[in-house]
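Lettering of chains follows the sequences in order, A, B, ..., and the numbering in each one begins at 1.
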Amino acid sequence: MTARLVRPNFITEIIDRDLGGELSGVVRTRFPPEPNGYPHIGHAKSICLNFGLALDYRGECNLRFDDTNPETESQEYVEAFLRDLDWLGFAPSRVRFASDYFDQMYLCAAELIRQGAAYVDSVGEEEMRRLRGTVTVLGSPSPFRDRSVAENLALFADMAAGRFGDGEHVLRAKIDLGSPNFKLRDPVLYRIVHATHYRTGDRWCIYPMYDFAHPLEDLIEGVTHSLCTLEFENNRAVYDWLVERLRGRCGLPERRPRQYEFARLSMDYTVMSKRKLLRLVQEGEVQGWDDPRMPTLSGLRRRGVRPEAVRSFADRVGVDRANSRVELSLLDAVIRDDLNAEAPRVMAVLRPVKLVLSNLPASSEVPVQAPYWPRDVPRQGSRTLPLGRELWIEADDFSEDPPKGFRRLRLGGRVRLRYAYVIEAERAVKDASGRVLEIHARVLPETLGSDPADGVRPQGVIHWVPVREALPAEFRLYDRLFAVPDPDAADDPATALNPSSRAVAQGYIEPSVQGDAPDQRYQFERLGYFWPDPEDSRPDRRIYNRIVPLKDSYRPGPGRI
RNA sequence: UGGGGCAUCGUCUAAUGGCAGGACAACGCUCUUUGGAAGCGUGAAUCGUGGUUCGAAUCCACGUGCCCCAGCCA
């Protein structure tokens, strides 16, 4: 028995119990997105749950598009789900569409009418709202509630035939206008929408509502455990009502599915609703659904996150019925953990300043051996780096007025050049405004692989790139999209945006990466994990996205030595 | 105000009447040619009040707080 994909939770408990009882066959789940936006990491949680369960129990999981609203859905979104599901590493048992079932659903609606359990209502939208009542006042019947079966059948057929305009009539379930559960106060089952559906075209001008469509889809597909999020809890009563009335009829199987709800994923500094994500895209706040700052799977992918990390994240977040908000740091930690043993170490300088090694001849070029992996990652390989007289180093790695705890280069101080010599800074050349143009330092001989002979150890280690062989590169540094932990609470999420969520730096990368695969991920030493932007990077114009920064325990401050 | 749900370290969770544990985060130490990784350690929780019980995070009662529901969205 291999390890389970889904860690035990209240749903696996239910399945385990079912397996010993009424449910004798396979476990069937489904992932039922509406194709009205791109999948995000919240969908990933649901995907990992539904597909993971099917794998764990040797069952099946369909991908089923809940495409019952022609006004917001499109093939572009269908393709996004297909692509991202595949990227995540899951293969659906079948791919289905609610729109595949429109004919059968129509028949089921007619059956309901014949049962006297549904009627065509012709009050306007506003009037219906009024008649539905409030938390304190019961709903009251529409004047059309008691139409005859024959009249309802005829009207419903006319609705489908396109004899009415949008909103003139609806089909409603006849349940209980006095129910304290609003969902039971005669929910709308079908509405008239004269819109072209991306799959069925103009074949239909009536479309089933979620409450009607979903239980039928589950029934048709033989779903056993229909998992959805908490906000559908009240809808379960409608689900059950319809299942009991229709199972074993109009071609539907007898065996009933059951709905269970779990808490959707929320993360701090993030919005997760497709509506809000769409707005960010439409208003140009981000550069598309795959902007690396987006919580979409395409955004995470473009940033460089691997599917392994997303799955691991879903696992660590767990499944529960309590609303929760996951910290961004958990995602970061999981991404680093995934990349640590996957990304070879190389050096890049993001904000370069020139370092001149004054006691090296201009033509000098010392070959130094640099392993791709730190000693605690059990992988082999190294490259040779040419150390010349002039190097690029990080501007941040030199200070004339270092704060306490600064373990980098200062005038008169010593640091080791990663994989190379210990150097001692002699002077800084500055322009008229006082900006450091270059730093001159001398190499301490005999320090390749050993400490200085005088016993004065370097204060730190800094990375570098040889000026002569350096490859120029652009670095895109991404940070959280929002500046506040709960952007959903903001009146206008656009005002909560983090103004520095994207920064671009022009620097250099070591020459060894020349010829690497276009999807090669690296750890730039002391900086973070990066990879070439899959859209914009070119061999002659390198652009690297920062996937996630390295954890950094450096906190300059008064309390430090 | 009616109904439906949910409450365990800062965060996500485990414990299914029997020592409140883990991960992330924080802090400290060790190690370190990455201020990385790893290792060690510290601080940190059962929403409240009663009750049942030898024993309660768990069962019961009463509170409190938060989430969802009055779309012809899903």
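- With sequence neighbours excluded, no residue forms a ring-ring contact (aromatic ring centres under 6.0 Å, His included) with A/Phe10.
- Residues that satisfy the ring-ring contact (aromatic ring centres under 6.0 Å, His included) test with A/Trp392, not counting sequence neighbours, are A/Tyr508.
- As judged by a 4.0 angstrom heavy-atom cut-off over every strand, A/Gly124 is placed among the base-contacting residues.
- The base of B/G36 is not paired with the side chain of A/Gln523 by any donor and acceptor separated by under 3.5 Å.
- Residues satisfying the side chain to side chain contact (heavy atoms under 4.5 Å, CB included) criterion with A/Thr447, sequence neighbours excluded, are A/Tyr421, A/Val422, A/Leu444, A/Pro452.
- Among the heavy atoms of the strands lying under 4.0 Å from A/Arg345 is at least one base atom, whether or not backbone atoms are also near.
- Close to B/G71, at under 4.0 Å from its OP1 or OP2, lies a side-chain N or O of A/Arg132.
- Across residues 454-464 of chain A, A/Val461 each have a non-hydrogen atom less than 4.0 Å from an atom of RNA chain B (numbered order).
- The backbone N or O of A/Arg147 lies less than 3.5 Å from a partner atom in the side chain of A/Asn152, making a donor-acceptor pair.
- In the set B/U33, B/U13, B/A74, B/A74 carries the atom at the smallest distance from any side-chain atom of A/Thr68.
- When the options A/Lys174, A/Arg145, A/Arg132 are evaluated for a salt bridge (Lys or Arg N to Asp or Glu O under 4.0 Å) with A/Asp186, the one that passes is A/Arg145.
- Distances shorter than 4.0 Å separate none of the side-chain N or O atoms of A/Arg526 from OP1 or OP2 on B/G36.
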Contacts under 3.5 Å, N or O only, protein and nucleotides 1-3 of chain B:
{"from": "B/G2", "atom 1": "O4'", "to": "A/Val135", "atom 2": "O", "distance (Å)": "3.2"}
{"from": "B/G2", "atom 1": "N2", "to": "A/Pro180", "atom 2": "O", "distance (Å)": "3.2"}
{"from": "B/G3", "atom 1": "N2", "to": "A/Asn234", "atom 2": "ND2", "distance (Å)": "3.0"}

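- Between A/Glu394 and the choices A/His463, A/Arg526, A/Arg351, the side-chain hydrogen bond (donor to acceptor under 3.5 Å, both in side chains) rule is met once, by A/His463.
- RNA chain B lies under 4.0 Å from no heavy atom of any residue of residues 260-278 of chain A.
- Using a 4.0 Å cut-off between charged side-chain N and carboxylate O, A/Asp338 and A/Arg521 make no salt bridge.
- Across all strands shown, A/Val317 has heavy atoms under 4.0 Å from sugar-phosphate atoms exclusively, and none from any base.
- The A/Arg418 side chain lies nearest to B/U34 when the options are B/C69, B/U34, B/A14.
- Side-chain atoms of A/Asn323 and base atoms of B/G5 include no donor and acceptor less than 3.5 Å apart.
- Contacts of A/Glu525 with the nucleic acid, taken as non-hydrogen atoms under 4.0 Å apart, include base atoms.
- Remark: A/Lys551 is in phosphate contact with B/A25, judged by side-chain N or O atoms under 4.0 Å from OP1 or OP2.
- The residue A/Arg416 sits close to a base: some heavy atom pair falls under 4.0 Å.
- Position along RNA chain B of the nearest nucleotide to A/Tyr419 versus A/Glu73 favours A/Tyr419 as the more 5'-ward residue.
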- Query: Given the rule in the salt bridge (Lys or Arg N to Asp or Glu O under 4.0 Å) test, do A/Arg64 and A/Asp218 qualify, once you have shown the distances and angles that lead to the verdict?
  - Reply: CA-CA 10 Å; A/Arg64 183 180 69 224; A/Asp218 287 343; 2.9 Å; yes
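- Ion pair A/Arg414/A/Asp454 flagged as a salt bridge, since at least one NZ, NE, NH1 or NH2 atom sits closer than 4.0 Å to an Asp/Glu carboxylate oxygen.
- Using a 3.5 Å distance cut-off with no hydrogens or angles, the side chains of A/Tyr207 and A/Glu71 do not pair a donor with an acceptor.
- No side-chain donor-acceptor contact under 3.5 Å links A/Thr12 and A/Arg4.
- A/Asp66 comes within 4.0 angstrom of sugar-phosphate atoms only, judged by non-hydrogen atoms across all strands, and of no base.
- The neighbour count for A/Arg264 CZ, taken as heavy atoms of other residues, nucleotides or ligands under 6.0 Å away, does not exceed 12.
- A salt bridge is defined here as a Lys NZ or Arg NE, NH1 or NH2 lying under 4.0 Å from an Asp or Glu carboxylate O, and A/Asp479 with A/Arg546 fails to meet this definition.
- The ring-ring contact (aromatic ring centres under 6.0 Å, His included) search around A/Tyr190 returns A/Phe156, A/Phe212, not counting sequence neighbours.
- Contact check, A/Arg129 against B/G71: a side-chain N or O comes under 4.0 Å of OP1 or OP2.
- Here A/Asn36 lies out of heavy-atom contact (under 4.0 Å) with every strand.
- A/Ser324 comes within 4.0 angstrom of the backbone, heavy atoms only, and of no base.
- Comparing B/G35, B/C68, B/C72 by their closest approach to the side chain of A/Phe406 singles out B/G35.
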Please write out each protein N/O paired with an N/O of nucleotides 16-18 of chain B under 3.5 Å, distance rounded to 0.1 Å.
{"from": "B/U16", "atom 1": "N3", "to": "A/Glu13", "atom 2": "OE2", "distance (Å)": "3.2"}
{"from": "B/U16", "atom 1": "O4", "to": "A/Glu13", "atom 2": "OE2", "distance (Å)": "2.1"}

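- Contacts of A/Arg185 with the nucleic acid, taken as non-hydrogen atoms under 4.0 Å apart, are absent.
- In this structure A/Tyr210 satisfies the ring-ring contact (aromatic ring centres under 6.0 Å, His included) test together with A/His214, A/Phe232, sequence neighbours excluded.
- Note on A/Glu127 versus A/Arg130: salt bridge recorded, some NZ/NE/NH1/NH2 to OD/OE distance being below 4.0 Å.
- Side-chain N/O atoms of A/Arg408 and base N/O atoms of B/G35 include a donor-acceptor pair closer than 3.5 Å.
- The side chain of A/Ser329 places no N or O atom within less than 4.0 Å of a non-bridging phosphate oxygen (OP1 or OP2) of B/U11.
- At the heavy-atom level, A/Glu233 lies under 4.0 Å from the strands shown only through sugar-phosphate atoms.
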Between the protein and nucleotides 42-48 of chain B, list every N/O to N/O distance that falls short of 3.5 Å.
none

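- Taking for each of A/Phe524 and A/Ala322 the nucleotide of RNA chain B with the nearest heavy atom, the 5'-most of the two is the partner of A/Ala322.
- Remark: the separation of the P atoms in B/U34 and B/G48 is 47 Å, to the nearest Å.
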- Message: For a salt bridge (Lys or Arg N to Asp or Glu O under 4.0 Å) check, start with the C-alpha distance between A/Arg480 and A/Asp268, then their side-chain angles and the critical distance, and finish with the verdict.
- Response: CA-CA 9 Å; A/Arg480 55 182 61 150; A/Asp268 54 15; over 6 Å; no
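- Counting any heavy atom pair closer than 4.0 Å across all strands shown, A/Gly449 reaches a base atom.
- With sequence neighbours excluded, no residue forms a salt bridge (Lys or Arg N to Asp or Glu O under 4.0 Å) with A/Glu76.
- Considering only side-chain atoms of A/Asn340, the nucleotide from B/C72, B/C6, B/G36 that sits closest is B/G36.
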- Query: When you look at A/Arg30 and A/Glu221, which way does the salt bridge (Lys or Arg N to Asp or Glu O under 4.0 Å) test go after all the steps?
  - Reply: CA-CA 9 Å; A/Arg30 100 267 92 113; A/Glu221 294 176 15; over 6 Å; no
- Item | Bracket string, RNA chain B, 5' to 3' - pairs by Watson-Crick or G-U geometry under 3.5 Å, | interstrand | .((((((..((((....[..)))).(((((.......)))))....(((((..]....))))))))))).....
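- Residue contacts shown for A/Gly167 include a base, since a base heavy atom lies under 4.0 Å away.
- The closest donor-acceptor contact from the side chain of A/Asn545 to the backbone of A/Trp531 lies at 3.5 Å or more, if one exists at all.
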